[in-house]
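Heads up, the thing below is written out as structure tokens.
Convention: sequence-line order gives letters A, B, ...; per-chain numbering from 1.
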Amino acid sequence: MTVAVRAAPGSSASLWQARRRSLKTIARYAAAVAITVIFLFPVFWIFMMAFKTPDEIFSRPPVWLPADFNLDTFKALVRDGDLGAIWTSLITAGVSTIFAMFFGTIAAYSLARFKTGGRNLAIGILSQRMIPPIVIVFPVFLAYVFLGWIDTFHGLIILYTAFNLPYVIWMMRGYIEDIPIELEHSALVDGWSRWQVLLRVVFPMARAGLFATTVFTFIFAWNDYIFALVLTRTEVVTFPVQVTSWFGQQFVFWARIGAMSMMGTLPIFFAVIVFQRYMVRGISLGAVKG
Amino acid sequence: MAHIRISSLHKYYDSVHAVRGIDLDIRDGEFTVLVGPSGCGKSTMLRAIAGLENIDSGTIEIDDEVVNNLAPGDRDVAMVFQNYALYPYMNVFDNIAFGLRARKFPAREITARVQAAAETLDIVELLKRLPRQLSGGQRQRVAIGRAIVRDARLFLFDEPLSNLDAQLREGMRVEIKQLHQRLGKTMIYVTHDQIEAMTLADRIVLLKDGSIEQEGAPLDLFERPVSRFVAGFLGSPSMNFLPAKLVENGTYLGLRFADDVTLALPAAASQRLASRVGQDVTFGVRTEHITPARDGELDDGFVDLLVTIDLTQPTGSRTYASFKLAGVAVQAELRAHDVEQPGEQIKLQIDMNRAIVIDPSTELVI
Ligand SMILES: Nc1ncnc2c1ncn2[C@@H]1O[C@H](COP(=O)(O)OP(=O)(O)OP(=O)(O)O)[C@@H](O)[C@H]1O
Ligand SMILES: [Mg+2]
């Protein structure tokens, strides 16, 4: 044994190095797990509430996992029509995202390629997005009362579209500027119209950016609370407004909050899963040029 | 086939006056090369002809029709771009077919034409590949394929070879020349490489700062440059320039340099320059017109000169040798073994018939 070590003096050093490396790896994994647990625990806790009986929710010491995953809360949500809030959110966020992407991309193309409005218009547009929502929501409320748009789908959709347009224009302008102009020139010389160039060259070239921007635009609208709270009453109730309505002064409906939170997270979860492949590239591309 | 007439074309980019009053006629089937240093407006001209750039004044006519307000797609031109402009998400076949699809060709015709173009360019086995799976030379071929498949009346090339290595470039140069001979189409070719310009062109248009400095057949420009700029731009290595003074020298005139060496000018030049005696000028002579002096009588218009070689640059077939004349480094083009070592003395002769004299105040050849 000693002979072997002496014969190969390098090996003990490298053994020690290898051990140190594996220790480092273990420490790294441990840290990753710890961080994940810390951040995911509240989410786990609220989701589990959806399956717990009232006794389990309020028991001390806490019950980590429900005895049986009962779906009563979900059934209650369906029965009372509360799940409609998810549908309302899907409609308002979804339709406004489609509008914002459509008009925003066209505007971005114009800014990028025709230099519409010179250098300052783009900055001006982006600055709209920097205004805190709370500052504009009350003027908008007054306008909506006047227009009779309070508590309507189109009211929310128009507001979300308007609020997200600057973001879409800003992001898409960067992605479009990154496309070599010769690709468009070549298509124009080939005889394609501007619209065809947009469809056949710009969209495929900016695909990653389109996906990433779509997902973020949808998430902004999906997560909105303040606009929906002020501008809607009983007809159009989005999911965040619905969830907060269960925080009562006397009683908090924890099971419903948990179940609804779960339902509200799913669409985002799936959107991110589906577009993940494009998003990482899309986000980093946007970061290089804005 | 198409002939083009450009009249007093101007183009501004904000405050940059990129094209300054170009007048140009290009005949049917001619291979015209626009050449000039970076930023002289070559690409801008080409894009203006293609309709990709609005022009500020002037007219562009193709086949006697003013096309100023015609969309690029309606001008029936094909263009090859410097960076190839291939669509990364389409395979080679679709890239080549893209222009035919825009013009609603029937599917069978598209297949036949793409196939024919691919055969011409020797890229048949690449049709299924994506652009990123091709080498630079192959991409270049596909880009040319995109242009020839449409059978347009006018071809525009914007530095199509500048991204290729020297060897590939030489090969493609030959192929483009053959392509022109076979298709017989009018072609306008932009480059800043003077060798490409000389070898390809029926006619060279040399641009400088957005204006035409000189146009004509390649050898015309090479042998009879109108200005120092043209003389220096064409030819490699570039022409030698030396300051001198025009003086009386016996029956004829001579050029006196700073160290009082005087070179005799031939009869024709002396007559032409007689009124300018005493004036400061710039003397220009190409390397190949400075050669080892032969024994015996000098030919008419030749002068000889004993010099010490400072530096030699053998290229194999020729050796470029530098020496000082009136303190200015001058290069001569010698045969491989005319000088072996720097420091050697050698008697050289200069063909003054081929030399040029420039007025330094206007930079024009006089
Ligand atoms: N889109 C643009 N915006 C502003 N200025 C431009 C634009 N395109 C070209 N220019 C300017 O116009 C002038 C001519 O440019 P152009 O691209 O035609 O030159 P070029 O001869 O093709 O040069 P190179 O050999 O480098 O390609 C240059 O001074 C250039 O800076
Ligand atoms: Mg150029």
Proximity breakdown for B:L156 and chain A, heavy-atom pairs closer than 4.5 Å: neither

Per-residue contact mode, B:A78 against chain A (heavy atom under 4.5 angstrom): backbone

Heavy-atom side-chain proximity of B:F81 to A:I181 below 4.5 angstrom: no

Greater than 12 external heavy atoms within 6.0 Å of A:F44's CZ: yes

Contact list for residues 86-101 of chain A, test side chain to side chain donor-acceptor pair (under 3.5 Å), sequence neighbours left out: none

Neighbour count >12 (heavy atoms, 6.0 Å) for atom CZ, A:F114: yes

Min side-chain heavy-atom separation A:P204-B:M90 under 4.5 Å: no

If you check both backbone and side chains, which donor-acceptor pairs between chain A and chain B fall under 3.5 Å?
| from | atom 1 | to | atom 2 | distance (Å) |
| --- | --- | --- | --- | --- |
| A:E182 | OE1 | B:N83 | ND2 | 3.1 |
| A:L183 | O | B:Y87 | OH | 2.7 |
| A:S186 | OG | B:R146 | NH2 | 2.4 |
| A:A187 | N | B:Y87 | OH | 3.2 |
| A:L188 | O | B:G73 | N | 3.2 |
| A:V189 | O | B:R103 | NH2 | 3.2 |
| A:V189 | O | B:R150 | NH1 | 3.4 |
| A:D190 | O | B:R103 | NE | 2.9 |
| A:D190 | O | B:R103 | NH2 | 3.2 |
| A:D190 | OD1 | B:R150 | NH1 | 3.1 |
| A:D190 | OD2 | B:R146 | NH1 | 3.2 |
| A:D190 | OD2 | B:R146 | NH2 | 2.8 |
| A:W192 | NE1 | B:F98 | O | 3.3 |
| A:R200 | O | B:Y89 | OH | 2.5 |

Heavy-atom pair of closest approach, residues B:L86 and A:L183: O-CD2, 3.3 Å

Closest-packed option against chain A by number of heavy-atom pairs under 4.5 Å, given B:G99, B:P72, B:A102: B:A102

Contact summary for B:L52 and A:V189, nearest pair of heavy atoms: CD1-CG2, 3.9 Å

Between B:A147, B:G73, B:A143, B:A71, the one whose heavy-atom pairs under 4.5 Å with chain A are most numerous: B:G73

Within 6.0 Å of CZ in B:F93, more than 12 heavy atoms from elsewhere: yes

